[in-house]
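Everything numeric in this text was worked out from a predicted model, so none of it was measured. Order of appearance sets the numbers: ligands from 1, and atoms from 1 within every ligand.
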Amino acid sequence: MGVVVVGSLNYDLVTYTDRVPDAGETFPANSFETHTGGKGLNQTVAIAKLKDAKSSYKVKMVGNVGDDSFGEQLVSYLNKNGVDTTDVKTHPDVSSGVATILVEEKHNGQNRILITQGANGKTVYTNQQLANIFSDENCAQDSMVVFQHEIPDPVAIMRWINENKPGYRVVYNPSPFHPLNKEDWLLCDILVVNEIESLQIIENVYNELYVAEVKKSIKKDFVGAYKSICEKLQKDTLDQKRSAVVIITLGSEGVLFSSAEHPDVEYLPAITVPKVLDTTGAGDTFLGGVVTQLYQKATLKEAIQFSTYASSITIQHPGAAESIPHFPEVVAAVEKST
Ligand code: RIB
């Protein structure tokens with residue numbers, strides 16, 4: 001059994017401020033921290049930390065870093081969390097990926113992120129390399145493989161998996177968003193998006209008239225409109241022959257989800273927390289929770305509930321990967337609430 005994440009590793013340079021400066025403006029920030037990050041690394045660490053210790057499946061990351069101290073720290077953090085890093089390669093000719101992050105402490109910890117791709121640009125593989133990475137010795141037949149879009153062409157790898165490893169389940173978090181060909185959306189089994197990304201997919205795949213209607217309906221009934229987006233993505237965008245799952249996170253407004261088995265869109269509210277410190281990595285934590293829970297055979301609703309609690313813990317701590325809780329902490333939070 002196993003979960004593999006193919007994605008980015010970034011060194012996060014985080015400045016905490018009351019507000020972001022206007023163009024040409026300079027003023028002092030509150031504090032500065034460095035953290036391990038990158039959507040690929042964060043999601044891998046989330047899966048490793050949120051997996052039930054009683055389950056013995058392997059968590060593996062596939063990606064690239066530069067031959068620098070950032071790269072060393074990123075790989076060592078994965079190793080510390082029990083992740084298999086055999087296929088995280090180090091390159092002498094390029095720097096590690098870096099994210100410059102501004103967190104607005106007076107605005108609910110909301111962030112703005114600028115990414116320098118660095119070694120993440122090397123996360124491109126030939127068919128032979130993919131055959132080695134995903135050989136039967138390295139990866140179980142029922143593996144879940146997770147992608148985001150901070151590497152050059154995740155779709156090419158998804159396509160290879162679809163053609164060569166039909167037993168795998170592909171999880172795609174299209175962040176940052178890149179338009180795909182309509183048929184490429186059919187390559188994924190589990191789509192995890194936030195409200196902005198869900199709308200970007202609608203704009204990518206459907207005609208202007210429909211998009212305009214959707215945008216109008218969001219203004220009238222926010223959650224209701226996203227329910228129909230969720231339904232549209234699940235029924236019309238993903239492949240009906242697979243057990244397709246669509247999850248749309250709406251931040252403080254909660255989560256919507258739908259699957260081929262249970263096509264009626266369901267809703268769970270967000271968890272209220274005393275103080276939001278830093279939202280960086282909240283989405284990655286949520287995704288990690290969903291993946292571990294589904295891999296451990298929880299129902300979709302149980303998986304979403306667990307993940308909502310997990311990300312509510314993340315946003316109360318600074319940083320991305322380091323702020324992700326471990327499985328027992330989330331179980332305790334769920335039990336306390338019931
Ligand atoms: O999702 C949060 C992550 O986005 C940060 O850790 C940063 O590295 C960017 O990739």
Angle between ring planes, Trp185 versus Phe177, binned at 30° and 60°: parallel, tilted or perpendicular?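 Judged by the thresholds at 30° and 60°, the geometry between Trp185 and Phe177 is parallel.
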Give me the ring orientation class for Tyr206 and Tyr210: parallel if the planes are under 30° apart, tilted from 30 to 60°, perpendicular past 60°.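 Ring orientation of Tyr206 relative to Tyr210: perpendicular.
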Identity and separation of the nearest protein heavy atom to [atom]:
atom                   : answer
atom 9 (C) of ligand 1 : Glu150 OE2, 3.5 Å
atom 2 (C) of ligand 1 : Asp284 OD2, 3.4 Å
atom 4 (O) of ligand 1 : Lys39 NZ, 3.1 Å
atom 7 (C) of ligand 1 : Asp12 OD1, 3.4 Å

After noting the C-alpha distance and the side-chain angles of Tyr226 and Glu195, does the key distance pass the side-chain hydrogen bond (donor to acceptor under 3.5 Å, both in side chains) rule? CA-CA 8 Å; Tyr226 277 99; Glu195 63 200 68; 4.7 Å; no
Just which atoms of ligand 1 are under 4.0 Å from any heavy atom in [X]?
X     : answer
Gly37 : 6 (O), 8 (O)
Ala99 : 7 (C), 8 (O)
Asn10 : 8 (O), 9 (C), 10 (O)

With atom 3 (C) of ligand 1 as the reference point, say which of Asn42, Leu13, Leu41 has the nearest heavy atom.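 It is Asn42 whose heavy atom sits nearest to atom 3 (C) of ligand 1.
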Are there more than 12 heavy atoms of other residues, nucleotides or ligands under 6.0 Å from atom CD1 of Ile196?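 Open.
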Are any of the side-chain nitrogens in [X] or [Y] under 4.0 Å away from the carboxylate oxygens of its partner?
X      : Y      : answer
Lys227 : Asp264 : no
Lys39  : Asp284 : no
Asp153 : Arg159 : no

Does ligand 1 have an atom that lies less than 4.0 angstrom from a heavy atom of Gly283?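 No, that is not the case, since the closest heavy atom of the residue is not under 4.0 Å from the ligand.
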When only distance counts, is Ala320 in polar contact with ligand 1, meaning an N/O pair under 3.5 Å?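 Min N/O separation from ligand 1 is not below 3.5 Å for Ala320.
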Nitrogen or oxygen atoms of Ser8 and ligand 1 under 3.5 Å apart: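 N/O-N/O distance under 3.5 Å: no.
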Same apolar cluster (I L V M F W Y, side chains within < 4.5 Å links), Val290/Ile201: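 Unlinked, Val290 and Ile201 end up in two clusters.
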